[in-house]
There are 2 protein chains.
Amino acid sequence: MAKGNHRNYHHGELRDALLDAAETLVHERGVEGWSLREASARVGVSPSAAYHHFASRDALVRALSERVLARLGERMSAAAGHEPERGSEPDSESDSEPDAEPDSDPQERLVAVGRSYVRWALEEPAVARLAFGAGATDPDTSISPHPHDVLDAELDRLVDAGCLGVSARPGAEFVVWAAVHGLATLLADGLVSLDGPQAVDREAERVVRAVLGGLTQETAVSPTWPTARSAHTERLAERRAGGSSARGGIGR
Amino acid sequence: MAKGNHRNYHHGELRDALLDAAETLVHERGVEGWSLREASARVGVSPSAAYHHFASRDALVRALSERVLARLGERMSAAAGHEPERGSEPDSESDSEPDAEPDSDPQERLVAVGRSYVRWALEEPAVARLAFGAGATDPDTSISPHPHDVLDAELDRLVDAGCLGVSARPGAEFVVWAAVHGLATLLADGLVSLDGPQAVDREAERVVRAVLGGLTQETAVSPTWPTARSAHTERLAERRAGGSSARGGIGR
DNA sequence: CGTGAATCTTAACATCGCTCAGATTGGTGT
DNA sequence: ACACCAATCTGAGCGATGTTAAGATTCACG
């Protein structure tokens with residue numbers, strides 16, 4: 001309003017402030033019910049100011065998706081038992097996750113991880129939809145504990161404990177990821193309804209246990225499974241190889 | 001162009017023409033890369049003409065989602081073996097589905113159904129994303145063979161053949177739906193990549209077999225599973241009960 | 001205190017979803 | 001044949017959006 005309002009200068013923190021505003025807007029209005037202008041106004045800044053921190057509205061959405069996916073990864077990691085590795089201060093948020101006990105049974109750990117995945121999708125459906133639908137993320141930004149990596153580590157732990165045969169291990173992460181992700185998106189998109197968070201927990205457990213039971217049964221011939229690749233790990237590999245984005249066929 | 005161009009009057013068929021145009025636009029530009037104005041222009045009609053057939057752009061998207069979901073259901077049904085029940089003419093489209101043989105093994109039928117689900121999501125990722133993300137559909141429009149119902153019928157067939165215990169049957173459709181849907185959306189959203197449609201088929205088969213193996217293993221105590229509800233069947237039930245949309249808490 | 005880079009603003013453009021008042025069309029009854 | 005009516009589409013326009021260009025403001029540092 002006033003011309004000389006020098007409070008509008010967020011030095012270095014405008015980017016995060018915009019991400020915060022966008023995230024609460026997604027909570028309030030859904031994935032598409034908000035505008036760059038509105039997020040800028042909430043931070044007390046002109047619309048064009050955002051373009052000094054994000055190349056486009058889509059870039060804002062992608063950045064938010066990365067931030068949110070990383071938080072999901074931390075949540076899964078915490079649900080597995082050990083504290084999030086890159087844990088900044090515990091955020092003092094409500095510690096109301098009943099998955100508190102650091103479980104030693106790797107099978108129960110996996111169940112807890114899957115449960116936290118779908119519970120998150122149900123608690124913030126709009127954010128989850130945005131996170132999953134934001135397409136390939138920024139090629140030079142990595143997601144701290146990516147959900148895929150958390151599942152990967154838990155499955156390794158399962159074969160170490162002898163709960164899963166080594167022949168079934170390659171690509172098993174994608175099988176349980178698919179199952180958990182499917183339930184999460186079916187709930188977040190409103191295609192399936194469950195009565196209360198308790199029923200959601202039980203359904204998530206059933207899905208994880210079913211797919212896990214099927215994987216341990218995988219003793220028959222079944223030569224080699226197709227090698228799936230997570231867009232996230234693929235991006236990391238490209239970056240390590242010296243990411244001249246010659247091919248760069250992901251973000252398309 | 002010319003003022004007296006009486007070709008602009010699509011009597012009764014404008015609605016379908018707009019849906020067609022929107023669908024090809026989704027194919028060309030993705031889920032959000034098109035406008036109502038553009039779809040109207042392709043049909044040779046002014047933008048406001050569309051509002052005599054759809055209450056809003058969102059209604060157009062929802063209607064398209066229904067049409068597309070119904071086609072997915074028909075495709076799944078065809079992949080299971082028997083021809084689509086409400087089969088209009090075979091559309092003379094490429095009959096290149098290798099799932100031609102009407103399989104009698106109910107387990108293989110389920111695998112074929114799941115395979116067709118994720119193959120479809122990979123062949124038209126943008127359309128699939130639109131179909132799944134269009135929120136709750138129109139309360140008074142039913143999807144002819146809904147994907148959920150096809151899975152439901154196949155699972156019934158499995159317990160009839162003795163491949164699945166009756167105790168594991170209730171809600172089992174949602175478990176395999178979650179698994180298949182998860183792989184489909186992970187692929188459509190680009191979070192996971194596979195090399196070629198053959199690898200996609202194999203991965204889909206692995207997911208279905210794993211979740212099915214886990215379900216048949218479900219003999220232990222495990223009291224009653226949570227009762228999940230598909231938004232589609234719920235809508236049908238409401239309509240039968242005399243759908244005074246007093247509660248109508250779905251489409252929100 | 002002044003200079004330059006970082007940061008934000010003002011103004012504007014093209015496009016979008018959507019509305020409203022009116023023109024055009026095709027059929028129906030007489 | 002004509003007049004009328006409902007269905008259908010057009011045209012102009014409103015407010016808002018993403019995005020850009022050019023200019024103002026602020027801060028850190030000499």
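Just so we're on the same page: letters track the sequence lines, and every chain starts at 1.
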In this structure, OG of A:Ser144 is separated from CD of A:Glu66 (nearest 0.5 Å) by 10.5 Å

Among residues 48-62 of chain A, which contact DNA chain C at a heavy-atom distance under 4.0 Å? A:Ser48, A:Ala49, A:His52, A:His53

Using atom CG of A:Leu14 as one end and atom C1' of C:dA6 as the other, report the distance to the nearest whole Å. 12 Å

Taking ring-ring contact (aromatic ring centres under 6.0 Å, His included) as the definition, give me every residue that meets it alongside B:His53, ordered by chain and number, with sequence neighbours left out. none

Of A:Pro47 and B:Arg37, whose closest DNA chain C nucleotide lies nearer the 5' terminus? A:Pro47

Tell me every residue that passes ring-ring contact (aromatic ring centres under 6.0 Å, His included) with B:Trp120, counting only those two or more places apart in sequence or in another chain. B:Phe132

Atom CD of B:Glu38 to atom P of C:dA14: distance rounded to whole Å? 18 Å

Is the count of non-hydrogen atoms from other residues, nucleotides or ligands lying under 6.0 Å from B:Glu28 atom CD greater than 12? yes

If the condition is side chain to side chain contact (heavy atoms under 4.5 Å, CB included), which residues does A:Ala21 pass it with, not counting sequence neighbours? A:Ala39, A:Arg42, A:Val43

Under the side chain to side chain donor-acceptor pair (under 3.5 Å) test, residues paired with A:Ser142 that sit two or more places apart: none

Could you give me the CA-CA distance, side-chain angles and deciding distance for A:Tyr117 and A:Leu183, then say whether side-chain contact (heavy atoms from CB on, under 4.5 Å) is met? CA-CA 9 Å; A:Tyr117 194 104; A:Leu183 179 57; over 6 Å; no

Could you list by number each residue of residues 19-36 of chain A showing a heavy-atom separation from DNA chain D of less than 4.0 Å, or answer none if no residue does? A:Ser35, A:Leu36

Would you confirm whether the ring centroid of B:His146 sits within less than 6.0 angstrom of the ring centroid of B:His232? yes

